[in-house]
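Below is one structure; the comments refer to it alone.
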Amino acid sequence: MAIIPKKHEMPTQAPEKRAHNFDEVALGYTPEIAVAEAQRCLNCKNQPCVKGCPVNIHIPDFISRIKESDFEGAYQEISKSSSLPAVCGRVCPQEAQCESKCTLGVKFEPVGIGRLERFVADWHNEHANEAPTVPASNGHRVAIVGSGPSGLTCAGDLAKKGYKVTVYEALHTAGGVLVYGIPEFRLPKTIVAKEVETLKAYGVDVEPNVVIGKTLTIDELFDMGYEAVFVGSGAGLPNFMGIPGESLKGVYSANEFLTRSNLMKSYRQDSDTPIMKGGNVAVVGGGNVAMDAARTALRLGADHVYIVYRRSMEELPARREEVEHAEEEGIIFKLLCNPVEILGYENPDDKRDPKNGFVTGIKCIKMELGEPDERGRRRPVPVEGSELVLDVDTVIMSIGTSPNPLIKSTTKGLEVNAKGGIIVNESGLTSREGVYAGGDAVTGAATVISAMGAGKLAAKSIDEYLSKKPE
Amino acid sequence: MYQIVTKKVLNPTVTQMEIAAPLVANKAKPGQFIILRVDEDGERIPLTIAGADKSNGTVKIIFQIVGATTEKLGHKEAGEYLQDFVGPLGVATHTDGIKKVCIVGGGVGCAIAMPVAQEFHALGAEVTSIIGFRNRDLVILEDEFKACSDRMFLMTDDGSYGRHGNVCVPLTELLKDGETFDMIITIGPLIMMKFVVEVARPFGIPVTASMNPIMIDGTGMCGGCRLTLNQDGKKVTKFACVDGPDFNGYEIDFDEAMSRGRMYSDFEHRAHEKTCNLFRKA
């Protein structure tokens, strides 16, 4: 049989339609497309794709089941390694992981592993209603701090081994960045809720509205009888540039803008939480979060949305697919462009003018790429006299985060690095016995799947630690 | 879900509730705050803790009805439940080394000032309280302040009760008479706190102001509560939820904070109207 050189295309909502709604952009494979795509897998012996997966999903095994139209079997294969397949199938950067190692990819396009994973997980969520077999309890209790991707993964892996796991979440809904950060059109919240329900069915308790470091401390968790703690508290305070005008009304951090829209549902007309809608919007930064913020602003009714990024398209760190989607939808990329000031309205004759203090524009300077820096990326340098002003009503700063101080400041003996990230060894153990950590709280802002990988590693280490620990 | 154990209407716009939240009650200290949601899909609003009872596991909140969410909250009765209630958040008011303190509260801010005054009183500090209200009908917590203050000044803007004038009047008199304090702690409208700082400035008395900006998560994630401090000529961004809510009054950019506080006033006004209409129909 001849090899089909390209991946089967993912059906998507048309750009002109989806730019005005919050429904999911990618619609998913049909069973027919899934089987056809699975047949592209060569089932090669050395399985390089598995090594490319941070949680080492047995990829050729689940794809073989799809070939046989045994979709539930395929799901069971994936769930041996991953607790959140419907999430990963949507938000993992597969092109840089499993798919980048695919043997077929040497000559042709790699197998659409991510699309197949998503198909299998969605099929399961739609068709399977059998409760999972809850393993017998081993009597050990573990507390997880944070219900984002690292915490949920760690919880899932431990629960499947018979641990009694409690997940503490600071917000009112479980999911962490999956619910407050990633927008509905990329990851529907019903999917996250479903994955959390699956974990609960395995016996995991989720306690919302508990801020570890405030409501309870790590030491108190041990006093309460937990024998190990995993800290997956995520990224922290948003960074700002330190330029004039960042406190004007209409300037948001990406975290705040996305939290208002995603977690607090201010994209809906009936939400009690306000958000600035319409007008022109500038998003500063070039990561996936910046793409999410820009595309959210567009869907909220903005006339023009700009991505302002100081390097060129080549260095832009967001996933290619997200950039392409954004461009198709009409997001305007202002590359080699760096903000120097945010401008605001000020009526000199009327101090009570309600428009006072609102953003009117963002002043930027053009950049050119100079010598490479220590990481090999060419350093952007300003072009003198090239200032320009974009007329905007809203500015969204999406330039990263700094670690949250709450846990560090209330946990004696927990060591952090110069940037405030929790220090862990190769097994995910912190400087405190029985305390493990992973995800953005350790690495600073990174991807969902790398956080899941860290949660998985910590679960393995916690299992080894508690199995050896004398009673 | 978190049960409303007691409810007491303090004046036409200010209500007090005790909420069953044992974990929060166990840790709550004066100056800290909570975040609540009245119902599913509701907005998250921060409210400063007005007291806590560890043995009963309840946390006291006092709020003024100013918008849609506080309107909805005001319609809840004892025995009913709140969707979410999380805390205690923020850093507690610093009390170390303060033997003589002046507490300056304005309006509903007095509800937050009260536990701070009580804490200092319990620690054996000399407490002077200056509390101000717009008029007689809006006076709250008079007896509570009397009980924990060595002296108390009650002011109304229109002179309908207590002394005529704002809180700066007795503060200016005291300082001009040579009175000194280890710390002035002020809690109330931003404009009032700004003027308290100006009154204290010539006398070089330290001022702590309790800030109450717009917030969402309250745990140091969104950055919506940021404010600017001027520290040694440098502008520094701080987050009220994790660095505050108390800040050095001399460093706070009050004008910016006032402007930011009005970001959604249009939306809030419309939302409040809509909510009021709903309750009228019902």
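Below, all heavy atoms of this structure are taken into account, side chains as well, without hydrogens, waters or symmetry copies. Throughout, a chain's letter reflects where its sequence line sits, starting with A, and its residues are numbered from 1.
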With a 4.5 angstrom heavy-atom cut-off, could you sort out which part of B/I216 is near chain A: side chain, backbone, both or neither?
-> side chain
How long is the gap from CG on B/D41 to OG on A/S271, to the nearest 0.5 Å?
-> 7.5 Å
Distance-only, no hydrogens or angles: does the B/R260 side chain make a donor-acceptor pair with backbone N or O of B/I214 under 3.5 Å?
-> no
Options A/T273, A/V210, A/T215, ranked by heavy-atom pairs under 4.5 Å with chain B, top entry | A/T215
Is B/Q231 atom CD crowded by more than 12 heavy atoms from other residues, nucleotides or ligands, each under 6.0 Å away?
-> yes
Using distance alone, with no hydrogens and no angle criterion, decide if B/N56 and B/T58 have a side-chain donor and acceptor under 3.5 Å apart.
-> no
Salt bridge flag under 4.0 Å for residues B/E77 and B/K7 = yes
Can you measure from OG1 (B/T48) to CE (B/M114) and round to the nearest 0.5 angstrom?
-> 12.0 Å
Counting N and O atoms only, with roles assigned by atom type, does the side chain of A/R260 sit under 3.5 Å from a partner on the main chain of A/S266, one being a donor and the other an acceptor?
-> no
Between the side chains of A/N239 and A/S402, is a donor N or O closer than 3.5 angstrom to an acceptor N or O?
-> yes
Report yes or no: does B/K60 contribute a side-chain atom to a donor-acceptor pair with the main-chain N or O of B/I19 at less than 3.5 Å?
-> no
Examine whether an atom of B/L227 lies under 4.5 Å from a heavy atom of chain A, and if so say whether it belongs to the side chain, the backbone or both; otherwise answer neither.
-> neither
Of the listed residues (A/V251, A/T401, A/T173, A/L248), which shares the most heavy-atom pairs with chain B below a 4.5 Å separation?
-> A/V251
What residue, out of B/A257, B/G87, B/A68, B/C241, has the most heavy-atom pairs lying under 4.5 Å from chain A?
-> B/G87
Let me know if B/R44 has heavy atoms under 4.5 Å from chain A in its side chain, its backbone, both or neither.
-> both
Given that the side chain runs from C-beta out, which part of A/S247 has a heavy atom under 4.5 Å from chain B: side chain, backbone, both or neither?
-> both
Answer yes or no: does atom CZ of B/R134 have more than 12 heavy-atom neighbours from other residues, nucleotides or ligands under 6.0 Å?
-> no
Tell me, side chain or backbone of B/Y2 under 4.5 Å from chain A's heavy atoms, or both, or neither?
-> side chain
Contacting moiety of A/L406, where chain B heavy atoms sit under 4.5 Å = side chain
Counting only heavy atoms closer than 4.5 Å, note whether A/L216 contacts chain B via side chain, backbone, both or neither.
-> both
Flag the pair A/K265 and A/D272 as a salt bridge only when some basic side-chain nitrogen lies within less than 4.0 angstrom of an acidic carboxylate oxygen.
-> no
Honestly, the part of A/T217 sitting under 4.5 Å from a heavy atom of chain B is both
Max heavy-atom pairs within cutoff under 4.5 Å with chain B, candidates A/P238, A/S253, A/S409, A/P208, goes to A/P238
At a heavy-atom separation under 4.5 Å, does A/E207 approach chain B through its side chain, its backbone, both, or neither?
-> neither
What residue in B/G220, B/G223, B/S265 has the most heavy-atom pairs under 4.5 Å with chain A?
-> B/G220
B/E251 (side chain) donor-acceptor with B/L229 (main chain) under 3.5 angstrom | no
Could you tell me which portion of B/T228 (side chain, backbone, both or neither) has an atom closer than 4.5 angstrom to a non-hydrogen atom of chain A?
-> side chain
Select, from B/Q83, B/E256, B/K274, B/K235, the one with the greatest count of heavy-atom pairs under 4.5 Å involving chain A.
-> B/E256
Sort by residue number and list every member of residues 352-363 of chain A having a non-hydrogen atom under 4.5 Å from chain B.
-> A/N356, A/G357, A/F358
Nearest 0.5 Å please: distance from the NZ atom of B/K76 over to the CE atom of B/M17.
-> 9.0 Å
Can we say A/E184 and A/R299 salt-bridge, meaning some charged N sits less than 4.0 Å from an Asp/Glu carboxylate O?
-> no
